[in-house]
**Q** 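Quick one: the structure is below, and I'll ask about it shortly.
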Amino acid sequence: MEKLNKFSILIPVFNEGELIKETIEKILKNVKSNYELIICYDFDEDNTIQIIKENFKDSRILFVKNLKSGFNSAIITGIQKTNSDAVLIYMADDNVNSVIINDIFNKYNEGYEVVCPSRFIKNGKLEGGPFFKSLLTKFASFILYTFLSFPVKDATNSFRLFSRSLLNNIKFESSRGFTLSFEITAKAHRLNYKMVEIPTKWKEREKGKSRFKLLSFLPLYLKWFFYIINTQILKLYEKK
């Protein structure tokens, strides 16, 4: 009998309230692959935990406490606490994109080590959010793809699948902000891992408060922007 790949859908949470209910309902309804749903939380009093336990009795839902605090650390903790073949980072307030999770897993099964849902390819879409944040995100992604041969048109999206072989082969450096997916993708590019994009639609949350602070997090993104520039220099040198 052929072995089924085991996937982890990893959701970092922080007092998500009722938002998490619809997100999980749609994942359980739409995802048909062999998966576990990892809920990584910072503190025991997080209201997300109570809401999930009151509304769902599913053995695929597992709770993992963050070893530190914050979004990046939650992802690292989730990765370290699972042994699945691949990990999909998913947003707690995303009640739209569960319908493409099966497609993401299928791309992994086709041999892609990184699967990148993209807002900036055909049939992708980004709605809402601060104008300057959206403009900067699109501009940075355009520069990386067009002039630096970065193989992803949506460079900074955290919504992403990574293979276990990739995750085991790199050292995580991001400790603040929301840059870990960007870091992993940048390192996968330098190491020549196979990656692909599929369209996704993202609408900035209308309920709850976003924890993204542009001016504070910008230097953290610039670190990986320059890392990709350096990667391009290295790749050009190797061709000589």
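Since the model is a prediction, treat every value here as computed from it, not as a measurement.
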**Q** How long is the straight-line distance from CG of N123 back to CD1 of I121, given to the nearest 0.5 Å?
**A**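 Nearest 0.5 Å value for the CD1-CG distance: 8.0 Å.
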
**Q** Any luck finding a side-chain donor-acceptor pair between K235 and N192 under 3.5 Å?
**A** yes

**Q** Any side-chain donor-acceptor pair under 3.5 Å between N34 and N5?
**A**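 Judged by distance alone, the side chains do not pair up.
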
**Q** Just by distance, no angles: are the side chains of T185 and R160 close enough, under 3.5 Å, to form a donor-acceptor pair?
**A** yes

**Q** Is any NZ, NE, NH1 or NH2 atom of the basic residue among D44 and K65 found under 4.0 Å from an Asp or Glu carboxylate oxygen of the other?
**A**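 Result for this pair is yes, salt bridge flagged.
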
**Q** In plain terms, say whether D85 and K6 are close enough for a salt bridge, that is, a side-chain N and a carboxylate O under 4.0 Å apart.
**A**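 Looking at D85 and K6, the cut-off is not met.
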
**Q** Flag the pair Y35 / I27 as yes when at least one side-chain heavy-atom distance between them is below 4.5 Å, and no otherwise.
**A**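 They are in contact (side-chain heavy atoms under 4.5 Å apart), so the answer is yes.
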
**Q** Report the C-alpha distance between E25 and K29 in whole Å, list the side-chain angles of each, state the deciding distance to 0.1 Å, and finish with yes or no for salt bridge (charged side-chain N to carboxylate O under 4.0 Å, His left out).
**A** CA-CA 6 Å; E25 283 176 347; K29 175 183 177 181; over 6 Å; no

**Q** Are a donor atom and an acceptor atom from the side chains of N169 and Y193 found within less than 3.5 Å of each other?
**A**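 Result is yes, a qualifying pair exists.
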
**Q** Do the ring centers of Y41 and F14 come within less than 6.0 Å of each other?
**A** no

**Q** Just by distance, with hydrogens left out, do N72 and S175 show a side-chain donor and acceptor under 3.5 Å apart?
**A** no

**Q** Mind checking what makes side-chain hydrogen bond (donor to acceptor under 3.5 Å, both in side chains) contact with S98, not counting sequence neighbours?
**A**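 Once residues adjacent in sequence are excluded, the partners of S98 under the side-chain hydrogen bond (donor to acceptor under 3.5 Å, both in side chains) criterion are N30.
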
**Q** Got a sec, which residues hit side-chain contact (heavy atoms from CB on, under 4.5 Å) with A86, two or more places apart in sequence or on another chain?
**A**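 Counting only residues at least two positions away or on another chain, A86 forms a side-chain contact (heavy atoms from CB on, under 4.5 Å) with F7, Y108, L161.
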
**Q** Pair T200, N97 - check side-chain hydrogen bond (donor to acceptor under 3.5 Å, both in side chains), show working.
**A** CA-CA 7 Å; T200 184; N97 285 299; 2.7 Å; yes

**Q** Just by distance, with hydrogens left out, do T23 and N95 show a side-chain donor and acceptor under 3.5 Å apart?
**A** no

**Q** For residues S118 and E197, is any side-chain donor paired with an opposing acceptor at under 3.5 Å?
**A**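 Note: S118 and E197 side chains meet the donor-acceptor criterion.
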
**Q** Can you check whether C116's main-chain N or O pairs, donor with acceptor, with D154's side chain at less than 3.5 Å?
**A** no

**Q** Output all residues satisfying ring-ring contact (aromatic ring centres under 6.0 Å, His included) with F56, sequence neighbours left out; order by chain, then residue number.
**A** none

**Q** Just by distance, do the side chain of Y90 and the backbone of D94 share a donor-acceptor pair under 3.5 Å?
**A**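 Side chain of Y90 to backbone of D94: a pair is present.
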
**Q** Same cluster for F159 and V99 if Ile/Leu/Val/Met/Phe/Trp/Tyr side chains link at under 4.5 Å?
**A**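 In one cluster: yes.
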
**Q** Mind checking what makes side-chain hydrogen bond (donor to acceptor under 3.5 Å, both in side chains) contact with T156, not counting sequence neighbours?
**A** none

**Q** Taking the six-membered ring of F63, is the NZ or CZ of K53 close enough (under 6.0 Å from the centre) and on axis enough (within 45°)?
**A**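 Geometry flag: set, cation within 6.0 Å and 45°.
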
**Q** I'd like to check E173 versus L180 (side-chain heavy atoms, cut-off strictly below 4.5 Å). Are they in contact?
**A**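 The answer is no; the side chains never approach within 4.5 Å.
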
**Q** For the residue pair L10 and C40, what are the closest heavy atoms and their distance?
**A** CD1-CB, 4.1 Å

**Q** Taking side-chain hydrogen bond (donor to acceptor under 3.5 Å, both in side chains) as the test, write out the residues that go with S163, two or more places apart.
**A** E113, S165

**Q** Could you state the interatomic distance from OG1 (T179) to CG (L220), rounded to the nearest 0.5 Å?
**A** 5.5 Å

**Q** Could you check if a side-chain atom of R190 sits within less than 4.5 angstrom of a side-chain atom of Y227, using non-hydrogen atoms only?
**A**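 Answer yes - side chains close enough.
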
**Q** Table please: side-chain donor-acceptor pairs of residues 135-145 below 3.5 Å, with sequence neighbours left out.
**A**
{"residue": "T137", "atom": "OG1", "partner": "K133", "partner atom": "O", "Å": "2.8"}
{"residue": "S141", "atom": "OG", "partner": "T137", "partner atom": "O", "Å": "3.0"}
{"residue": "S141", "atom": "OG", "partner": "A155", "partner atom": "N", "Å": "3.1"}

